[in-house]
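Residue numbering restarts at 1 for every chain, and letters A, B, ... go by the order of the sequence lines.
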Amino acid sequence: MPDTPIVEIRNLSKRFGDLEAVNDVSLEVQRGEVVVIIGPSGSGKSTLLRCINRLESANGGTISIDGEILTRDEKQINHIRAEVGMVFQQFNLFPHKTVLENITLGPIIVKGMEEGAAETLAHTLLAKVGIPEKADAYPEQLSGGQQQRVAIARALAMEPKIMLFDEPTSALDPEMIKEVLDVMLDLAREGMTMLVVSHEMGFARAAAHRIVFMDQGQIVEITTPEELFTAPKHERLKRFLSQILP
Amino acid sequence: MTSQLESEAPRPHTGVWQDDSAAIPRERSLMIAWWIALALGVSFIVGAVVFKPDPYSEIVRFIGDGLVVTFQMTITSMLFALLLGLLAGLGRTAPSLPINVAASLYVEIIRGIPLLVQLFWIYYALSKFLRLGPNLSAILGLTICYGAYIGETFRAGIQSIPKGQMEAARALGLTRGQAMRHVIVPQAVRIILPPVGNEFIAMLKDSSLVSVLAISDMLRRGREYASRTFAYFETYTMVALVYLLVTLVFSRVVHYIEQGMSRQRKDAPVTVMHRLSAVVVDFVIVDLIATPIIAAMRGLAVTPAMTFTLTAAVIGGLTAAYLLGFWSKRGQTPGMMSVGLRLVDAGGSIPSIGQAVGRLLISLLPIPGLSLIWAHPTLGAAPLQDRLTRTTMVRV
Ligand SMILES: Nc1ncnc2c1ncn2[C@@H]1O[C@H](COP(=O)(O)OP(=O)(O)O)[C@@H](O)[C@H]1O
Ligand SMILES: [Mg+2]
């Protein structure tokens with residue numbers, strides 16, 4: 001059944017107290033698709049991503065990953081999380097572990113992989129993200145761009161079906177943004193399914209199949225990179241674009 | 001309507017490794033004061049013993065015996081207090097409400113009662129139902145009291161780890177327990193170590209309170225001597241000075257631990273003091289592990305010589321296992337790690353001959369654990385009960 005969407009979100013709602021952070025959102029992501037999510041700060045983009053791997057538990061609606069509907073079962077949650085890679089704005093590398101140990105932790109603990117096999121995998125991934133020489137360094141010895149690339153390698157080490165990126169470049173100095181985006185572009189070209197919250201329009205244009213515009217917890221418009229700039233339909237999106245574009 | 005997540009955004013998290021130890025002048029004056037205090041203490045004791053051996057040399061021998069008991073009490077209680085503190089700390093950060101309340105209740109109650117009162121209560125009041133004996137009462141009192149304080153230290157340490165660490169671990173599929181074990185606790189330990197070191201020093205001093213339970217610790221021994229000879233000034237001066245020296249040594253060790261935790265892997269100069277501190281820490285850790293094993297084995301030994309052999313075997317075996325486990329695998333022991341010492345670079349490459357010899361020398365240092373000294377037929381203390389019978393109970 002190659003046509004079933006790999007992520008299927010139906011009428012998802014998430015409240016923080018009285019605040020509807022995500023309000024009745026539905027979205028399907030196909031295998032190999034790259035979806036870029038944009039929208040003003042506080043519009044619920046992070047919350048939406050975090051519901052997908054259950055870092056937040058939803059108040060309403062359903063999410064299914066590869067046909068499996070998410071429940072409250074701890075075992076299932078851990079199993080789903082192992083299949084969904086996540087890259088954070090703040091990298092969140094483990095500062096007490098070397099780069100290599102950061103990458104091998106998941107495979108060894110969660111998948112029970114042999115240490116040697118995990119290290120081989122880690123070296124391969126480090127080469128892929130362009131920093132093979134940093135295996136024995138500690139995160140604090142790396143630049144922000146390098147740290148984020150390690151974070152991507154760490155997520156990839158679990159061989160996820162989907163990768164979630166939550167503003168992966170917005171904590172970076174401008175000169176480091178490109179090195180991270182290049183890694184993400186490579187991933188997209190290899191056919192990785194990706195949900196990316198980012199306002200890097202260069203990346204969106206080069207890699208995104210669809211662009212989702214969120215505002216006040218809702219999906220306002222879903223469009224393509226081409227149409228985003230030439231034919232935005234909603235007034236709110238037009239206003240937003242005029243704010244983020246130079 | 002700005003997002004809470006966004007507002008924290010700009011600075012990438014570099015966690016506990018951040019180095020903000022700018023040169024503080026206070027640091028220098030403290031160091032000078034430390035050396036002066038140490039020099040004064042040592043020279044007074046040495047001078048008194050050399051120039052006025054009567055009564056000082058006898059006092060030193062008399063209270064030296066008590067110092068061993070003081071260490072014994074402190075190390076044993078610290079071991080249990082660490083375990084209890086870990087439970088309390090984990091309980092105070094647990095997501096489950098009942099566990100959380102139970103742990104908080106323990107901490108609140110115990111911190112609200114002075115240690116001396118707790119000791120009296122356990123020894124005298126509790127004896128209405130349960131006679132624990134002085135040793136057990138003392139260890140129980142120190143453990144329960146310090147477990148609460150150390151628990152709070154653990155809680156603060158665990159909570160100081162940024163939320164993103166737990167999230168990143170959970171996002172990989174680790175369970176909460178696995179994330180605690182592999183990600184949160186190892187980082188928290190680095191933050192917790194200096195305050196726990198300070199708790200150890202505080203306990204060493206507070207252990208003088210157990211002398212009210214007729215335990216022959218250093219203060220008690222001093223009091224016995226003084227009440228027999230009426231040399232109050234001489235005796236209590238010596239007692240005070242020995243406490244001071246011991247505390248000075250340990251507080252310096254804690255200072256290096258503090259430094260080691262913040263300077264971590266940067267190539268700061270390593271002095272002999274750092275190396276000695278590392279040895280003291282390893283020494284205490286091996287001793288902490290050895291204490292219950294030795295206590296259990298005491299029952300097997302018939303003669304004092306056998307006790308000594310058994311203890312030596314335990315300490316030797318533990319030290320070997322300890323070094324093999326930590327040092328040969330990671331190029332550093334916990335003691336070395338705690339003061340920021342590392343013999344090989346992070347790569348863990350094969351050491352040169354010079355490095356290997358250096359490692360061997362360092363590794364030999366922590367072998368004679370305190371427990372070994374205690375168990376020595378002549379050096380060590382006779383069983384506590386024996387000494388108690390020698391002294392008359394003084395009412396306090
Ligand atoms: N843990 C939380 N507790 C309370 N409110 C939250 C929490 N996380 C997010 N919010 C709120 O939910 C809304 C959506 O947040 P978020 O998903 O982070 O937006 P975005 O990522 O689009 O900036 C914001 O108003 C934010 O303040
Ligand atoms: Mg966000």
Say you draw a straight line from CD of B:Gln187 to NZ of A:Lys97; how long is it, rounded to the nearest 0.5 Å? 9.0 Å
Neighbour count >12 (heavy atoms, 6.0 Å) for atom NZ, A:Lys178: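 Atom NZ in A:Lys178 is not packed in, count stays at 12 or less.
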Would you say that more than 12 heavy atoms from the other residues, nucleotides or ligands in this model lie under 6.0 Å from the CD of A:Glu114, or not? no
Taking side chain as C-beta onward, heavy atoms only, is A:Ile109 less than 4.5 Å from B:His182? yes
So, do A:Arg81 and B:Leu172 sit near enough that their side-chain heavy atoms are less than 4.5 Å apart? no
Say whether, by atom type as modelled, one donor and one acceptor occur between the side chain of A:Asn92 and the main chain of B:Gly164 under 3.5 angstrom.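 Yes; at least one donor-acceptor contact below 3.5 Å.
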Let me know if A:Val84 has heavy atoms under 4.5 Å from chain B in its side chain, its backbone, both or neither.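 It is the backbone, since no side chain atom gets that close.
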Heavy atoms only: give me the nearest B:Ala168-A:Phe88 pair and the separation to one decimal.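 It is CA-CE1, 3.7 Å.
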Student check: side-chain heavy atoms of B:Gln165 and A:Pro95 closer than 4.5 Å: yes
I'd like to know if A:Arg54 and B:Glu167 make a salt bridge, using a cut-off of under 4.0 Å between side-chain N and carboxylate O.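 Not counted as a salt bridge, because no side-chain N and carboxylate O are separated by less than 4.0 Å.
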If one checks every heavy atom of A:Glu83 against chain B at 4.5 Å, the contacting part turns out to be neither
With a 4.5 Å limit on heavy-atom distance, are the side chains of B:Arg170 and A:Asn78 in contact? yes
Could you tell me which of B:Gly173, B:Ala169, B:Pro186 has the largest number of non-hydrogen atom pairs under 4.5 Å with chain A?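 The residue among B:Gly173, B:Ala169, B:Pro186 with the greatest pair count is B:Gly173.
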